[in-house]
Protein chains: 2
Amino acid sequence: MGNFPFQRLQSELAVLITHAKAGERLPSEPDLAKRLGVSRATLREAMRTFETQGLIRRRQGAGTFVVGQVPVIESGLEVLESLDTMAGRMNLDISVSELTVSQVFADKDHAEALGVPLATKLTTVQRVMRADSRPVAHLVDTLPDDVLSAQQFPDVFGGSVLDFLLGRGDPLTVSRADISAIGAPADVAKLLEIQRGDVLLKFTSRLYTTSGRVVDFSHSYFLPGYFHFHIVRRVGNI
Amino acid sequence: MGNFPFQRLQSELAVLITHAKAGERLPSEPDLAKRLGVSRATLREAMRTFETQGLIRRRQGAGTFVVGQVPVIESGLEVLESLDTMAGRMNLDISVSELTVSQVFADKDHAEALGVPLATKLTTVQRVMRADSRPVAHLVDTLPDDVLSAQQFPDVFGGSVLDFLLGRGDPLTVSRADISAIGAPADVAKLLEIQRGDVLLKFTSRLYTTSGRVVDFSHSYFLPGYFHFHIVRRVGNI
DNA sequence: TATAATCAAGTTGTCAGACAAATTTTTGTT
DNA sequence: AACAAAAATTTGTCTGACAACTTGATTATA
């Protein structure tokens with residue numbers, strides 16, 4: 001699955017770049033291409049992806065330089081991954097509780113978000129994620145019934161709708177997340193064992209397929225302090 | 001400033017992609033290259049940037065397809081821009097008040113964040129951003145004195161430290177922002193004319209130069225509802 | 001007729017080599 | 001030592017080619 005030369009190239013370059021000091025110059029393109037066994041054109045395409053991510057900077061006539069100290073490559077919000085995966089990297093022991101799968105019918109908000117008619121049959125998956133038995137997040141996913149029906153819900157559920165859809169081979173591409181902060185509503189507060197009005201970080205996300213269809217509309221509530229969400233922002237004019 | 005053919009190409013492609021329906025196929029690479037007046041190699045480099053951003057998907061032998069409905073290209077957090085610029089796009093009339101520039105000495109947090117010794121001379125720039133005369137954000141930037149000193153502080157200040165540094169030609173590259181939610185501390189609450197403990201969205205950012213130096217460590221507090229921060233997250237395995 | 005195999009055209013992936021443009025280093029001259 | 005010119009280096013772009021893959025039409029076969 002995937003383009004062998006390009007992907008290998010990309011990870012080899014990633015190693016090279018992350019192991020370089022800030023401001024260090026990379027070998028010239030002809031050198032690198034020969035050393036990595038690809039043509040300069042292919043190398044340049046891979047380089048362009050790192051430039052897009054703001055990790056390197058190229059100057060005609062001078063060379064290619066590593067932009068400093070973005071310590072962990074792509075461990076931020078740029079890449080969509082499940083809390084499971086995230087927690088794994090943070091050495092957190094995470095578990096799922098209060099799992100509820102139910103069938104509902106689309107209200108105005110959900111119909112609009114999912115691009116379906118009002119009162120369309122939907123499936124909601126609610127659960128509380130716990131770290132060391134303390135609630136740290138409440139996740140509510142809503143999917144069209146033909147994407148995931150309450151009946152066909154998997155017997156073993158790791159807690160991640162994303163992982164389930166990916167494992168099934170769904171052609172997912174991107175998720176668009178709106179980031180906000182809110183005071184905990186009563187129901188969420190109860191689930192997270194906090195006071196109503198306590199501060200929560202909230203993501204409202206739409207998950208898209210290749211064809212542009214929204215297959216998952218979700219509200220995620222996070223207790224501040226347990227997760228560190230960060231993002232690398234590129235300065236506009238480079 | 002920049003690479004003429006490539007940048008022009010990129011914005012022309014952006015128009016093409018954002019105006020295409022979800023799942024639509026783009027013209028073939030030879031066609032596009034001829035139409036846009038560049039070689040296929042250059043075109044492919046530009047395409048790769050959009051692929052990196054998850055906006056298009058390419059399938060060997062089949063074609064290049066637009067991934068659906070990421071309505072506004074790059075208006076999210078991926079690109080660092082000032083609130084001014086942001087507000088401009090949202091047709092918000094924004095103004096600055098309570099502007100305070102002061103000289104301080106680095107405490108432990110700031111020394112660590114900026115990578116300078118303890119008690120180094122620093123400059124802090126605080127201000128409140130208002131939309132329609134209502135406070136909507138409180139920004140606190142801290143910079144080493146040699147980057148920006150209180151003395152040389154510009155007479156006319158638009159409210160954006162970023163815009164100032166960029167206008168001066170500083171080689172900025174990326175900013176790393178940590179995203180969290182907090183209850184308003186007393187001092188921030190007073191400035192934003194809200195109650196202590198009211199919910200705020202907070203960004204803690206480090207702004208890097210080409211050489212990897214941190215030139216700005218900032219805390220930004222946003223009143224929920226006035227700004228819509230969003231981010232496009234790419235599914236990991238594509 | 002229905003189904004399977006084959007073929008042809010089109011498209012992306014990669015390559016080699018070349019030259020232009022910008023920068024850096026070296027060399028020559030005063 | 002200081003400055004100017006030339007050479008070498010490096011990224012930016014172009015051209016043309018072929019390989020690998022997908023898709024749809026065509027042909028052969030049961």
Side-chain angles (χ1 to χ4, degrees), chain A residues 1-14 16-17 20 23-67 169 171 173 209-211 237-238, chain B residues 1-13 16-17 20-21 23-67 169 171 173 209-211 237-238:
Chain A
M1 187 194 288
N3 321 324
F4 290 159
F6 186 80
Q7 287 196 338
R8 180 185 60 79
L9 218 200
Q10 214 171 17
S11 61
E12 289 193 27
L13 272 181
L16 229 153
I17 291 173
E24 189 174 319
R25 217 196 78 177
L26 293 181
S28 74
E29 294 182 354
D31 279 9
L32 263 184
K34 191 189 296 181
R35 184 159 130 201
L36 300 174
V38 296
S39 72
R40 192 158 85 94
T42 304
L43 176 78
R44 279 185 61 81
E45 283 196 43
M47 296 282 246
R48 190 64 88 175
T49 68
F50 292 104
E51 194 183 31
T52 304
Q53 292 167 25
L55 294 173
I56 59 174
R57 167 156 205 156
R58 302 192 279 184
R59 281 172 47 215
Q60 183 173 357
T64 302
F65 302 85
V66 175
V67 163
T173 52
T209 61
T210 309
S211 61
N237 69 340
I238 65 165
Chain B
M1 187 193 287
N3 320 326
F4 291 158
F6 185 80
Q7 287 196 338
R8 181 186 57 81
L9 219 199
Q10 215 172 18
S11 61
E12 289 193 27
L13 271 181
L16 229 152
I17 290 173
K21 299 253 186 291
E24 188 175 320
R25 216 196 78 177
L26 293 180
S28 74
E29 293 182 355
D31 279 9
L32 264 184
K34 190 188 299 179
R35 185 159 131 201
L36 300 175
V38 296
S39 73
R40 192 157 86 92
T42 304
L43 176 79
R44 279 185 62 82
E45 284 196 43
M47 296 285 245
R48 189 65 86 174
T49 69
F50 292 104
E51 193 184 32
T52 303
Q53 293 168 24
L55 295 173
I56 59 174
R57 167 155 207 159
R58 302 193 278 186
R59 283 173 45 219
Q60 183 173 358
T64 302
F65 301 86
V66 175
V67 163
T173 53
T209 62
T210 309
S211 61
N237 68 341
I238 63 166

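Here is how names work: the chains are called A, B, and so on, in the same order as the sequence lines, proteins then strands, and each is numbered from 1.
- Across every non-hydrogen atom of B/Ala46 and B/Leu13, the tightest pair is CB-CD1, 3.8 Å.
- The pair A/Glu51-A/Arg48 counts as a salt bridge, with a side-chain nitrogen and a carboxylate oxygen less than 4.0 angstrom apart.
- Each of C/dG13, D/dG12, D/dT22 was ranked by its minimum atom distance to the side chain of A/Arg58; first place goes to D/dG12.
- What separates CZ of B/Arg8 from C1' of D/dG12 is a distance of 14 Å, to the nearest Å.
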For nucleotides 19-22 of chain C, list the nitrogen or oxygen atoms of the protein found under 3.5 Å from its nitrogen or oxygen atoms, one pair per line.
{"from": "C/dA21", "atom 1": "N3", "to": "A/Gln60", "atom 2": "NE2", "distance (Å)": "3.1"}

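- Side-chain N/O atoms of A/Thr64 include none lying less than 4.0 angstrom from OP1 or OP2 on D/dT10.
- Between its two ends, the helix from C/dT1-D/dA30 to C/dT30-D/dA1 turns its axis by 20°, counting five pairs per end and rounding to 10 degrees.
- For B/Arg57 and C/dT12, the CZ to C1' distance is 14 Å, given to the nearest whole Å.
- Among the nucleotides D/dG12, D/dC14, C/dT12, the one closest to any side-chain atom of B/Ala41 is D/dC14.
- Two residues are said to be in side-chain contact when any heavy atoms from C-beta on lie closer than 4.5 Å; B/Thr64 and B/Met47 meet this criterion.
- Taking CG of A/Leu32 as the reference point, atom CZ of A/Arg44 lies at 12.0 Å (rounded to 0.5 Å).
- Scanning for side-chain contact (heavy atoms from CB on, under 4.5 Å) contacts around B/Ser11 gives an empty result, with sequence neighbours left out.
- In terms of the salt bridge (charged side-chain N to carboxylate O under 4.0 Å, His left out) criterion, residue partners of A/Glu12 (sequence neighbours excluded) are, by chain and number, A/Arg8.
- Regarding contacts with the backbone of C/dG13, every side-chain N or O of A/Thr42 stays at 4.0 angstrom or more from both OP1 and OP2.
- Contact annotation for B/Arg44: base contact, defined as any heavy-atom pair under 4.0 Å involving a base atom.
- Between B/Val66 and B/Ile17 the shortest heavy-atom distance is CG1-O, 3.8 Å.
- Under 4.0 angstrom from either OP1 or OP2 of D/dT10 there lies at least one side-chain N or O belonging to A/Arg25.
- The separation between B/Ile56 atom CD1 and C/dT11 atom C1' is 14 Å, rounded to whole Å.
- Both B/Met47 and A/Val38 sit near DNA chain C, but only B/Met47 has its closest nucleotide nearer the 5' end.
- Rounded to a whole Å, the CZ atom of B/Arg48 is 9 Å from the C1' atom of C/dG13.
- Atom CG in B/Leu43 sits about 15 Å away from atom C1' in D/dT15, given to the nearest Å.
- Contacts of B/Arg25 classified as side-chain contact (heavy atoms from CB on, under 4.5 Å), with partners at least two apart in sequence or in another chain: B/Phe65.
- With sequence neighbours left out, the salt bridge (charged side-chain N to carboxylate O under 4.0 Å, His left out) criterion links A/Arg40 to A/Glu29.
- Among residues two or more places apart in sequence or in another chain, the side-chain hydrogen bond (donor to acceptor under 3.5 Å, both in side chains) test is passed with B/Ser39 by B/Thr42.
- Here A/Thr49 pairs with A/Gln10 under the side-chain hydrogen bond (donor to acceptor under 3.5 Å, both in side chains) rule; sequence neighbours left out.
- Note that CG of A/Leu26 and CZ of A/Arg57 are 14.0 Å apart. Values are rounded to the nearest 0.5 Å.
- Atom CZ of A/Arg59 is separated from atom P of D/dT10 by 13 Å (rounded to the nearest Å).
- Contacts with DNA chain D (heavy atom under 4.0 Å) in residues 26-34 of chain B: none are found.
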